[in-house]
Amino acid sequence: MAYTFQLTVDSATPHALADWWAEALEWEVEPSDEEFIRKMIADGRATEEDTTTHRGVLVWKAGQGIRHPEGLERAPRILFQFIEEPKTVKNRLHLDVRTGGDDPQALVERLLAKGAKHLHEGNQGPFTWTTLTDPEGNELCVSH
């Protein structure tokens, strides 16, 4: 039996980083269920310290997920998980964002304007890509 997976990214600011990646990939941030969160607190299964407010909405402090607009059947979920430790070394895993028929340079420019940092250009045979970092320093490559 083949397994499914989600990709989890450690983050100092998971809700803000989830917003950034959702916009970068044109995905959707998973909505918060404020009623469920309040019920978990009322039932003693969570505390106020387990929550925070992001853009005026009560959310779990521990993390935020994003997903492809066509659902989990189309692509795995990405979870941005809160950690206190800062990123200190190069990622051993990164996302290659493929633009298909869209202009990859247009996406690179849009991401740079939203806080990405340019690292370098790469190529191998006929393939080219641009390596960037997201606002927290996680690497990503943009290509066709």
Side-chain angles (χ1 to χ4, degrees), residues 1-38 40-41 45-144:
M1 177 176 129
Y3 297 103
T4 61
F5 67 93
Q6 79 175 4
L7 178 65
T8 302
V9 178
D10 291 344
S11 173
T13 59
H15 296 87
L17 198 58
D19 289 345
W20 190 91
W21 274 99
E23 184 175 337
L25 296 174
E26 297 181 357
W27 283 23
E28 299 170 348
V29 174
E30 295 176 341
S32 178
D33 186 343
E34 293 180 272
E35 185 177 323
F36 175 76
I37 293 172
R38 286 187 184 93
M40 291 296 100
I41 293 169
R45 295 176 153 220
T47 67
E48 293 287 340
E49 290 76 34
D50 296 327
T51 69
T52 189
T53 302
H54 180 69
R55 296 187 177 198
V57 176
L58 183 67
V59 296
W60 293 114
K61 187 185 296 183
Q64 178 63 60
I66 66 171
R67 60 179 60 189
H68 192 282
E70 294 176 24
L72 296 176
E73 299 78 29
R74 178 73 165 88
R77 174 182 196 248
I78 302 175
L79 175 67
F80 297 88
Q81 170 180 276
F82 175 73
I83 59 153
E84 292 185 17
E85 300 84 18
K87 181 179 181 298
T88 58
V89 297
K90 183 181 183 331
N91 292 33
R92 297 291 303 259
L93 175 74
H94 68 266
L95 295 184
D96 284 344
V97 179
R98 297 191 178 132
T99 60
D102 293 345
D103 176 17
Q105 193 56 38
L107 177 57
V108 167
E109 294 304 320
R110 185 165 59 83
L111 296 180
L112 290 170
K114 290 290 191 183
K117 303 266 188 287
H118 182 271
L119 290 182
H120 56 82
E121 303 294 322
N123 65 53
Q124 182 175 21
F127 304 104
T128 62
W129 61 89
T130 302
T131 303
L132 306 172
T133 63
D134 71 15
E136 290 197 12
N138 300 299
E139 294 87 9
L140 66 137
C141 294
V142 177
S143 65
H144 273 289

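Every heavy atom of this structure was used, including side-chain atoms; hydrogens, water molecules and symmetry mates were not. Not measured: the values here are computed from a predicted model.
- Trp60 meets the ring-ring contact (aromatic ring centres under 6.0 Å, His included) test with no other residue; sequence neighbours excluded.
- At a threshold of 4.5 Å between non-hydrogen side-chain atoms, the residues Gln81 and Pro14 do not count as touching.
- With sequence neighbours left out, the salt bridge (charged side-chain N to carboxylate O under 4.0 Å, His left out) criterion links Lys90 to no other residue.
- Asp103 is linked by a side-chain hydrogen bond (donor to acceptor under 3.5 Å, both in side chains) to nothing, counting only residues two or more places apart in sequence or in another chain.
- Legend: residues meeting side-chain hydrogen bond (donor to acceptor under 3.5 Å, both in side chains) with Thr130, ordered by chain and number and at least two apart, are Glu121.
- Looking at residues two or more places apart in sequence or on another chain, you find a side-chain contact (heavy atoms from CB on, under 4.5 Å) between Thr47 and Glu49, Asp50.
- Two residues are said to be in side-chain contact when any heavy atoms from C-beta on lie closer than 4.5 Å; Glu48 and Ile41 meet this criterion.
- Between Val29 and Gln64, some side-chain heavy-atom pair lies under the 4.5 Å cut-off.
- Sorted by first and then second residue, the ring-ring contact (aromatic ring centres under 6.0 Å, His included) pairs involving residues 109-144 (not counting sequence neighbours) form an empty list.
- For Arg98, the CZ atom is loosely surrounded, since the number of other residues' heavy atoms within 6.0 Å does not exceed 12.
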Next item on the list: Applying side-chain contact (heavy atoms from CB on, under 4.5 Å), run through Phe82 and Asp10 and close with a yes or a no.
Entry: CA-CA 6 Å; Phe82 175 73; Asp10 291 344; over 6 Å; no

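- The shortest side-chain heavy-atom distance between Phe80 and Thr13 does not fall under the 4.5 Å cut-off.
- Lys117 meets the side-chain contact (heavy atoms from CB on, under 4.5 Å) test with Thr133; sequence neighbours excluded.
- Every residue two or more places apart in sequence or in another chain that forms a side-chain contact (heavy atoms from CB on, under 4.5 Å) with Leu58 is listed here: Glu34, Ile37, Arg38, Thr51.
- In Lys87, the NZ atom is crowded: over 12 heavy atoms of neighbouring residues, nucleotides or ligands sit closer than 6.0 Å.
- Side-chain contact check for His15 versus Thr52: some heavy-atom pair is nearer than 4.5 Å.
- Taking 4.5 Å as the limit, some side-chain heavy atom of Leu111 sits within range of a side-chain heavy atom of Val142.
- Partners of Glu70 by salt bridge (charged side-chain N to carboxylate O under 4.0 Å, His left out), not counting sequence neighbours, listed by chain and number: Arg74.
- A heavy-atom distance below 4.5 Å is found between the side chains of Arg77 and Leu79.
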Note to self: I'd like to know whether Leu17 forms a side-chain contact (heavy atoms from CB on, under 4.5 Å) with Asn138, so could you lay out the CA-CA distance, the side-chain angles of the two residues, the decisive distance to 0.1 Å, and finally the verdict.
What the structure shows: CA-CA 10 Å; Leu17 198 58; Asn138 300 299; 3.9 Å; yes

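- Checked against side-chain contact (heavy atoms from CB on, under 4.5 Å), Ala12 has the following partners two or more places apart in sequence or in another chain: Glu136.
- Not a single side-chain hydrogen bond (donor to acceptor under 3.5 Å, both in side chains) links Arg45 to another residue, sequence neighbours left out.
- With sequence neighbours left out, the side-chain hydrogen bond (donor to acceptor under 3.5 Å, both in side chains) criterion links Gln105 to Glu109.
- Residues Leu25 and Val97 are in side-chain contact: their nearest non-hydrogen atoms beyond the backbone lie under 4.5 Å apart.
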